[in-house]
Amino acid sequence: MGMKYYRLFDTLNRKEMKKSDLREILSPRTIAKLSKGESISGETIEKICKFLKCQPADIMEYVPEETPKKTKQD
């Protein structure tokens, strides 16, 4: 799973902003990466936090991948 950015979109909604408002600081490609849950740089996280005046936990969450459980046959 990895990083999830649903908190970013929740934060934008609470601030009465839209994804398109991020165009002031981010490229369309980076905004698309956020929408798809793809990796972004620490610099990008910093830009978003500065722009929204928030903390990283307000815009993202780490969701660990589930590992398959071993069976007796393994």
Side-chain angles (χ1 to χ4, degrees):
M1 287 257 144
M3 300 307 291
K4 297 290 183 182
Y5 300 103
Y6 67 89
R7 290 182 177 182
L8 168 61
F9 305 115
D10 290 343
T11 299
L12 287 171
N13 283 332
R14 283 194 307 276
K15 293 180 179 272
E16 298 181 358
M17 299 174 80
K18 296 181 180 181
K19 224 188 295 190
S20 59
D21 292 316
L22 293 174
R23 290 186 194 149
E24 290 182 41
I25 59 163
L26 302 175
S27 70
R29 181 169 187 227
T30 301
I31 295 169
K33 287 174 81 172
L34 288 164
S35 297
K36 295 176 187 176
E38 295 178 4
S39 296
I40 57 172
S41 71
E43 183 179 314
T44 300
I45 294 166
E46 184 178 349
K47 283 182 185 180
I48 295 169
C49 289
K50 186 175 182 180
F51 181 70
L52 296 175
K53 297 177 176 77
C54 67
Q55 294 296 312
D58 297 325
I59 63 168
M60 59 192 221
E61 177 183 21
Y62 172 70
V63 180
E65 289 186 31
E66 290 187 29
T67 55
K69 293 181 180 180
K70 293 196 174 209
T71 62
K72 291 181 180 182
Q73 297 153 355
D74 288 343

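The figures here come from the full heavy-atom set of this structure, side chains too, leaving out hydrogens, waters and symmetry mates.
- Between P56 and C49 the shortest heavy-atom distance is N-SG, 3.5 Å.
- From K19, atom NZ reaches atom CG of N13 across 10.5 Å, with rounding to the nearest 0.5 Å.
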Would you check, one step at a time, whether the test side-chain contact (heavy atoms from CB on, under 4.5 Å) holds for L34 with L26? CA-CA 10 Å; L34 288 164; L26 302 175; 3.9 Å; yes
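- Here the CG atom belonging to L22 is positioned 5.0 Å from the CD1 atom belonging to I31, to the nearest 0.5 angstrom.
- Contact check for L12 versus K18: no side-chain heavy atoms found under the 4.5 Å cut-off.
- No continuous path of hydrophobic side-chain contacts links I40 to Y6 [ILVMFWY only; heavy atoms under 4.5 Å].
- The closest side-chain heavy-atom distance from M60 to I45 is below 4.5 Å.
- Annotation: side chain of L52 is not in contact with side chain of D58 (no heavy-atom distance under 4.5 Å).
- Figure legend: cation-pi geometry between K4 and Y62 absent, as NZ or CZ is not positioned both under 6.0 Å from the six-membered ring centre and within 45° of its axis.
- Applying the 6.0 Å contact sphere to CD of E38 captures more than 12 heavy atoms from other residues, nucleotides or ligands.
- Rounding to the nearest 0.5 Å places CG of D21 at 6.5 Å from CD of E24.
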Tell me, with the steps shown, if F51 and M17 meet side-chain contact (heavy atoms from CB on, under 4.5 Å). CA-CA 12 Å; F51 181 70; M17 299 174 80; 3.5 Å; yes
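- S20 and R23 share no side-chain donor-acceptor pair at under 3.5 Å.
- For the pair Y5 and S35, the minimum side-chain heavy-atom distance is 4.5 Å or more.
- Taking NZ of K15 as the reference point, atom NZ of K53 lies at 7.5 Å (rounded to 0.5 Å).
- A donor-acceptor distance shorter than 3.5 angstrom exists from the side chain of T11 to the backbone of R7, with no hydrogens or angles considered.
- Side chains of K33 and S39: a donor-acceptor N/O pair is absent below 3.5 angstrom, by distance only.
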